[in-house]
Peer 1: 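Could you have a look at this structure, given as structure tokens, before my questions?
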Amino acid sequence: MNNTVKERVLSGIQPTHGSFHLGNYLGAIKQWVDLQNTNDAFYCVVDLHALTVETKPEDFRKRTLASVAQLIALGLDPDKCTLFIQSHVPSHNQLSWVLECLTGFGEASRMTQFKDKSQKAGSDRTVVGLFTYPILQAADILLYQANKVPVGEDQRQHIELTRDLGQRFNSKFGQTFTVPEGYILKAGAKINDLQDPTSKMSKSSSSGGGVIELMDSPEVNTKKIKSAVTDTGREVIFDEKEKPGVSNLLTIYSALTGKTIDQAQNDFAGKGYGDFKSAVAEVVVEYLNPVRERAEELLKDEAHLKKLLKIGAEKADAVASKTLKDVYEALGLIPRG
Ligand code: TYM
């Protein structure tokens, strides 16, 4: 019998669009699937975070369920992990407030994602929720006493803040939180836009032409990959500085085939960019076809998805409310009795 205690893993993803993109999958979800086999894993669709982006209620409802369906289609197994919706567990908001009271205004102002987004929108159109977003994220993680947080490279600073807040609370009020580590793999941690290969693939990309959406048709995705920006020269070589477009496609190819970058390069020795892009398109489409079909199938039975989510929320709530109780007690809040 194996008596070792499994490490706790937590991560989250926003339901801001009808489909996740390949960056979400390779940067985060692929690791979530692997980690559920060896860890006590909690994964949530962070609908409260997504409220920082304006959306129509009916779309929002659909996107949240579509997110859950895609996560299961990509390999999350509700029997192996705890899969839930953030707003189903009220302790997230409750802990977030406590952590807001421990976060410096300057400290929150230095978060680069907030700076970028608020600069683009202007201060009158930037909601306060965007400012406190990383603190709610810290609450998501600390509530579950997570040891590891599998995310893409762009989340490194938010994980750092989470660690700082956990340590700060522990040193002021006594050991309460596990201080987590980011779990950021080198391969796939930053998948770039196919049309602008020095910027990350992002749901908020203006054109959309460089973003591979998991739920798009094979025709659309093939077209996007065949029109990906490549670089000068002719050889298919991994060189992020000189050949960011080719390197990005090689990263995608190697992550989806399980080959190393060297093996991937060898596959295209002596071949031109045209053959290379066709091969990448084929690999992507073949990988995503069954995922899209399975997600569509799952979405036909909303009642089943909701049943799974109810079980997930109950499991998550049991862990989260215990932590929140300890936090309130450590702070000196009087229990209701
Ligand atoms: P979101 O929904 O924006 O992104 C979900 C995950 O996808 C990763 N990612 C990428 N990885 C590689 N290349 C890309 N181009 C790329 N684009 C996105 C992100 O790093 C992320 O891991 N703030 C979080 C959501 C969150 C969260 C949490 C994460 C809320 N609470 C608690 C972990 C733990 C986010 O960026 O979501």
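All heavy atoms count here, side chains included; hydrogens, waters and symmetry mates do not. First listed ligand is number 1; within each ligand, the first listed atom is number 1.
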Peer 1: For Ile141, which of Val151, Thr178, Leu165, Thr162 qualifies under side chain to side chain contact (heavy atoms under 4.5 Å, CB included)?
Peer 2: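 The option that passes is Thr162.
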Peer 1: Which pairs would a plain distance check flag for residues 111-120, meaning a side-chain donor or acceptor within less than 3.5 Å of a matching protein atom at least two apart in sequence or in another chain?
Peer 2:
unit_1	atom_1	unit_2	atom_2	d
Thr112	OG1	Gln157	OE1	3.0
Ser118	OG	Phe114	O	2.7
Ser118	OG	Lys115	O	3.3

Peer 1: Give, for atom SG of Cys81 and atom CG of Leu35, the distance between the pair rounded to the nearest 0.5 Å.
Peer 2: 11.0 Å
Peer 1: If you measure from the Lys or Arg side-chain nitrogens to the Asp or Glu carboxylate oxygens, is any gap between Glu314 and Lys310 under 4.0 Å?
Peer 2: yes
Peer 1: Between ligand 1 and the protein, find all N/O pairs closer than 3.5 Å and give the distance for each.
Peer 2:
unit_1	atom_1	unit_2	atom_2	d
ligand 1	2 (O)	Gln14	N	2.9
ligand 1	2 (O)	Lys203	NZ	3.0
ligand 1	7 (O)	Asn24	ND2	3.1
ligand 1	11 (N)	Gly23	O	3.1
ligand 1	13 (N)	Ile191	N	2.8
ligand 1	15 (N)	Ile191	O	2.8
ligand 1	15 (N)	Met201	N	3.4
ligand 1	15 (N)	Met201	O	2.8
ligand 1	20 (O)	Gly152	N	2.9
ligand 1	20 (O)	Asp154	OD1	2.4
ligand 1	22 (O)	Gly152	N	3.2
ligand 1	23 (N)	Tyr133	OH	2.7
ligand 1	23 (N)	Gln137	OE1	2.9
ligand 1	23 (N)	Gln155	OE1	2.9
ligand 1	31 (N)	Asp140	OD2	2.6
ligand 1	36 (O)	Gln155	NE2	2.8

Peer 1: Among Lys6, Lys315, Arg8, Lys80, find the residue that satisfies the salt bridge (Lys or Arg N to Asp or Glu O under 4.0 Å) test when tested with Asp40.
Peer 2: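 So the option named by the test is Arg8.
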Peer 1: Any ion pair linking Glu58 and Arg63 (charged N to carboxylate O, less than 4.0 Å)?
Peer 2: no
